[in-house]
There are 2 protein chains.
Amino acid sequence: MRPYSAYDSDTCSIARTLALIGDRWTLLVLRDVANGVRRFDELASHLGIARNVLSSRLARLAQAGLVERTAYREPGERERHEYRLSGPGRELIPILLAFMDWGDRNLAGPEGPPAVIRHAGCGARIRVALTCEEGHELGERPRLRMEPGPGSKVRSSGLPNGR
Amino acid sequence: MRPYSAYDSDTCSIARTLALIGDRWTLLVLRDVANGVRRFDELASHLGIARNVLSSRLARLAQAGLVERTAYREPGERERHEYRLSGPGRELIPILLAFMDWGDRNLAGPEGPPAVIRHAGCGARIRVALTCEEGHELGERPRLRMEPGPGSKVRSSGLPNGR
DNA sequence: GCATCTAGGTTTCTAAAAGCAACCCAGCGC
DNA sequence: GCGCTGGGTTGCTTTTAGAAACCTAGATGC
């Protein structure tokens, strides 16, 4: 079996996802949009992001289909635009919650976590968990095994005798 | 109840975590370290990262306690250093798997996912899932509610009449 | 019926971060 | 003592982010 490092780093789903949303601002933009901040000026002011950067991030997210940019007009008002999460965008929520979970446990001060997410139905707290398709509970230090999938790609350069 | 945008953006656990590991390379470095790539040159070559950037990322991760830098010496060899995930670093694995999961579903080509993670015990695939502490199953579009926690902080500036 | 305000950006210029190549140093092997 | 290798650091160039000014179109006020 080939060693891990023989596989192309950029082909990995983690690398591909990071290429799309892995810069300093994009996940924060998505967090705010997920929390109902929909307008350009509100986003700019709440995040403290430069407006040109926000503009380019929203354009990228819209082009990738993670947010929808729609025009709307309230009576007596002029036309506005708003940004909302679309289907694939909503599927990013586990990523946001995984970040939040880790930050709550490792970076929160003695006061406790800055925010809590609850199940809107029952009011209980939400966590991200690893699950095994056989239904086994995976504890704090799960034993995992990585193996190449059908879309794997061997690295084509940089190896001695690489091909 | 105060609106979401009245709370300080930087106090959020997502923002804090992103400030530590939310740049273009850090999560990929952690992915490789988690997969057993432990040496500087191996990381540099597999990732294609500039060596000075790798150096500064590893220093930051070591200082934050996410990786351990240890010296070791094999018989007949000179001293080497290796990097390994430490406790808090291993807790980042759900974040990596959440990225992978999303990428597999949204960015993989028709060939399928580039890699598969299995439970080392039973061989079944691993997924990240949202769970409610009451044990309710949360499906594709969970209804979530965010509320301020004990460590929440109201925004101190930028609001009309803000305080 | 012109000046002003506001949302939603774009342009322009400067500062910070990433990339690239060259260099350095220590220990080993020869 | 000479070169090779791992593990970096230094210095320069390019890319990205940030700050501030500017633009446009439709209310709004006078």
Side-chain angles (χ1 to χ4, degrees), chain A residues 5 9-10 15 18-30 32-33 36-63 67-84 157-161, chain B residues 5 9-10 15 18-30 32-33 36-63 67-84 157-161:
Chain A
S5 62
S9 171
D10 294 341
L18 282 169
L20 188 57
I21 62 170
D23 62 284
R24 199 139 87 260
W25 286 110
T26 301
L27 277 171
L28 291 177
V29 172
L30 288 163
D32 269 21
V33 172
V37 184
R38 308 202 203 291
R39 304 229 301 255
F40 188 92
D41 274 19
E42 263 187 294
L43 286 166
S45 134
H46 186 238
L47 292 169
I49 186 178
R51 297 158 68 83
N52 52 356
V53 176
L54 175 58
S55 177
S56 94
R57 290 303 165 271
L58 287 170
R60 183 158 81 200
L61 290 172
Q63 212 212 321
V67 304
E68 279 167 26
R69 179 181 190 272
T70 53
Y72 71 102
R73 173 184 300 238
E74 287 178 12
E77 297 268 312
R78 74 196 171 106
E79 191 175 77
R80 298 270 164 77
H81 297 108
E82 61 173 14
Y83 298 90
R84 283 168 182 272
S157 66
L159 292 173
N161 297 328
Chain B
S5 61
S9 171
D10 294 342
L18 282 170
L20 187 58
I21 60 169
D23 62 283
R24 201 139 86 262
W25 287 110
T26 300
L27 277 172
L28 291 177
V29 172
L30 289 163
D32 269 21
V33 173
V37 183
R38 307 202 204 291
R39 304 229 303 256
F40 188 91
D41 273 19
E42 263 186 296
L43 286 166
S45 135
H46 186 237
L47 292 168
I49 185 178
R51 296 158 67 84
N52 53 355
V53 176
L54 175 58
S55 177
S56 95
R57 289 305 163 269
L58 286 170
R60 183 158 82 201
L61 291 172
Q63 211 210 323
V67 304
E68 279 167 26
R69 181 181 190 273
T70 53
Y72 72 101
R73 173 185 299 238
E74 288 178 12
E77 297 268 310
R78 73 195 173 106
E79 193 175 76
R80 299 269 163 77
H81 297 108
E82 61 173 13
Y83 298 91
R84 283 168 184 273
S157 66
L159 292 173
N161 297 328

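Naming: A, B, ... by sequence-line order, numbering from 1 per chain.
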Donor-acceptor side-chain pairing of B:Tyr83 and B:Arg38 below 3.5 angstrom:
no

What is the distance, rounded to the nearest whole Å, between atom NE2 of B:His81 and atom C1' of D:dG7?
8 Å

Phosphate oxygens OP1/OP2 of D:dG8: is one of them under 4.0 Å from a side-chain N or O of B:Tyr83?
yes

Which residue pairs pass the salt bridge (charged side-chain N to carboxylate O under 4.0 Å, His left out) test with at least one member in residues 47-56 of chain B, sequence neighbours excluded?
B:Asp41-B:Arg51

For A:Arg24, all residues meeting side-chain hydrogen bond (donor to acceptor under 3.5 Å, both in side chains), sequence neighbours excluded:
none

Residue-phosphate contact under 4.0 Å: A:Ser55 side-chain N/O, C:dG9 OP1/OP2:
no

Round to a whole Å and report the spacing from CZ of B:Arg39 to P of D:dG6.
7 Å

B:Arg84: what forms a salt bridge (Lys or Arg N to Asp or Glu O under 4.0 Å) with it, not counting sequence neighbours?
B:Glu82

Just how far, in rounded Å, is C1' of C:dT6 from CZ of A:Arg80?
8 Å

Of all residues at least two apart in sequence or in a different chain, which pass the side-chain hydrogen bond (donor to acceptor under 3.5 Å, both in side chains) check with B:Glu68?
none

A:Leu58 CG to C:dG9 P: how many Å, rounded?
8 Å

What string of B, S and - do you get for nucleotides 12-22 of chain C, 5' to 3', when a contact is any protein heavy atom under 4.0 Å?
B-----SBB--

Counterpart residues, side-chain hydrogen bond (donor to acceptor under 3.5 Å, both in side chains), relative to B:Arg57 (two or more places apart):
B:Asp23

Whole-Å distance between C:dT6 P and A:Phe40 CZ?
17 Å

Nearest 0.5 Å, please: how far is CG in A:Leu58 from CG in A:Leu43?
6.0 Å

Quick one: is D:dG8 close enough that its OP1 or OP2 comes under 4.0 Å of any side-chain N or O from B:Arg69?
yes

If a protein heavy atom is under 4.0 Å from the base, mark B; if only from the sugar-phosphate, S; if neither, -; do that for nucleotides 23-28 of chain D going 5' to 3'.
--BSSS

Closest heavy-atom pair, B:Ser9 versus B:Ala15, reported as atoms and distance to 0.1 Å, is O-CB, 3.4 Å

Using whole Å, what does the distance between atom C1' of nucleotide D:dG7 and atom CD of B:Glu82 come to?
14 Å

Any stems for DNA chain D, made of 3 or more Watson-Crick or G-U pairs in a row, each with both distances under 3.5 Å?
C:1-30 with D:1-30

Please report the shortest heavy-atom distance between A:Phe40 and A:Leu54, naming the atom on each side.
O-CD2, 3.5 Å

Output the rounded distance in Å from CZ (A:Arg38) to C1' (C:dG9).
20 Å

Just jot down the side chain to side chain contact (heavy atoms under 4.5 Å, CB included) partners of B:Ala50, sequence neighbours excluded, or say none.
B:Asn52, B:Val53

Let's go through A:Val29 and A:Leu47 carefully: what are the C-alpha distance in whole Å and the side-chain angles of both, what is the deciding distance for side chain to side chain contact (heavy atoms under 4.5 Å, CB included) to 0.1 Å, and is it a yes or a no?
CA-CA 8 Å; A:Val29 172; A:Leu47 292 169; 3.8 Å; yes

